[in-house]
Amino acid sequence: MHDLVAFRSKHLARFQAEPALFSAPGRVNLIGEHTDYAEGFVMPAAINFATLAGISPRSDGKIAIYSENYGEERAFAAGDLPARAGKHWTDYPLGVLAILAGEGHRIPAFSLSLSGDIPLGSGLSSSASVEVATALAVLSLIGATYPGPVLARLCQRAENEFVGANCGIMDQFISANGAKDHALLLDCRDLSFRLAPIPANVALVIANTMVKHSVAGGEYTSRRAEVEAACAVIASHRQGVRFLRDATVDDLARWGAEMTPNSLKRARHVITENLRTVAAADALEKGDLAELGRLMAEAHASYSKDFEASCVEADAMVALAQDLPGLIGARLTGGGFGGCTINLVEQSEAPEFVEALAGRYAAQVGIVPQIHICHASGGAHRLE
Ligand code: GAF
């Protein structure tokens, strides 16, 4: 939980100026993994872990950025910002500035403080929340606003074009556009979305395997390449297929033999995951939690076996949750290869669920996990 008063006064003490404050949440994805860059469907929710940004103008032509998480301050000349990433935490805020400058904004001098309580490398989109919080803060100083979906696209571009991570739109989109107590079914083709209420008696229990995950890592990129290679095979036979969003399991039956075995499996995951994600939104809207849980289990099996993006620890965390009282559905969430599982759990059972799962995981895997009972939160906003 953030201490806003402390955050504000630290900015004041460090930079001798009152900051305007902004908050951008992390996210958990209920279902729809590695589908966003295939122009498919995802259903994340923003969570009550966030990055705070405090910003105040300066008159010395400098941009000073302080990260409370890294305990480090860096300064740049506003008129001569780095053109390339430096493999440093400042790449995320600097990437946003580069994209805003490219959109024709003059970037003013300012002091920016950042502080996040999203566990880093846990697959809960700390990077996207830094980008969105920075964008909101800087835009407020410039006096410009963008609709949430446009803001998300600009932040995704910061990550793609500046940081050099080939992510899709999901994380930035939900950080900018999340809604309290709702999951958001996003069509990553046209960015249209609908909100599905999460019942008050359902808790989002997020279990950190403590195995670090990174979108910038090679596995994410190689999976994406395999997905795109599968799509190219189908596109060579069937006009109008631009992304796997346009493909069907029937296409795989016909032309799968022309793909590498891995590409075929990755494509089967993406194509079936799109179907599951839309079905999961319908189930949530109808209050059919049993069906939602079934789809989450199917999604995890597909993510683990066909997409091979799980790991021993995440498979264990999902398996160990299965017979615990109150479980509705469990799966590995986010980019894969570590990070967190999402467990939908009956609220009244959640505290016991957390204790039992933590105990089982520590006993079997030998790692003490961090497990949080979260709720779906609103998207990025200015704090008064
Ligand atoms: C990461 C990426 F940043 C998202 O765009 C998405 O592809 C996700 O992995 C997998 O669903 O969070």
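Atoms within a ligand are numbered from 1 in the order they appear, just like the ligands themselves.
- Within ligand 1, the atoms closer than 4.0 Å to a non-hydrogen atom of R27 are 12 (O), numbered from 1 in the order shown.
- Around the CD atom of E355, the shell of radius 6.0 Å holds no more than 12 heavy atoms that belong to other residues, nucleotides or ligands.
- The aromatic rings of F307 and H269 sit tilted, their planes meeting at an angle between 30° and 60°.
- Polar contact check, T35 against ligand 1: no nitrogen or oxygen pair lies under 3.5 Å apart.
- Which parts of ligand 1 touch M170 is read off a 4.0 Å heavy-atom cut-off, strictly below it: atoms 6 (C), 8 (C), 11 (O).
- Numbered from 1 in the order shown, with element, the atoms of ligand 1 that lie under 4.0 Å from a heavy atom of D36 read 4 (C), 5 (O), 6 (C), 7 (O).
- Salt-bridge annotation for R223 and E33: absent, with no side-chain N of the basic residue lying under 4.0 Å from a carboxylate O of the acidic one.
- Of the N or O atoms in C167, none lie within a sub-3.5 Å distance of an N or O in ligand 1.
- Ring geometry, Y37 versus H34: the interplanar angle exceeds 60°, so the pair is classed perpendicular (tilted spans 30 to 60°).
- Near G168, with a cut-off below 4.0 Å to any heavy atom, the atoms of ligand 1 are 5 (O).
- Using a 4.0 Å cutoff on heavy atoms, E273 does not count as a contact of ligand 1.
- A salt bridge links R58 and D60; the closest N-O separation between the charged side-chain nitrogens and carboxylate oxygens is under 4.0 Å.
- Atoms of ligand 1 found under 4.0 Å from any heavy atom of Y220 (numbered from 1 in listed order, with element): 1 (C), 2 (C), 4 (C), 5 (O), 6 (C), 7 (O), 9 (O).
- Counting heavy atoms from C-beta outward, S129 and I118 have side chains that approach closer than 4.5 Å.
- Some N or O of D171 is nearer than 3.5 Å to an N or O of ligand 1, by distance alone.
- At a threshold of 4.5 Å between non-hydrogen side-chain atoms, the residues I63 and L112 do not count as touching.
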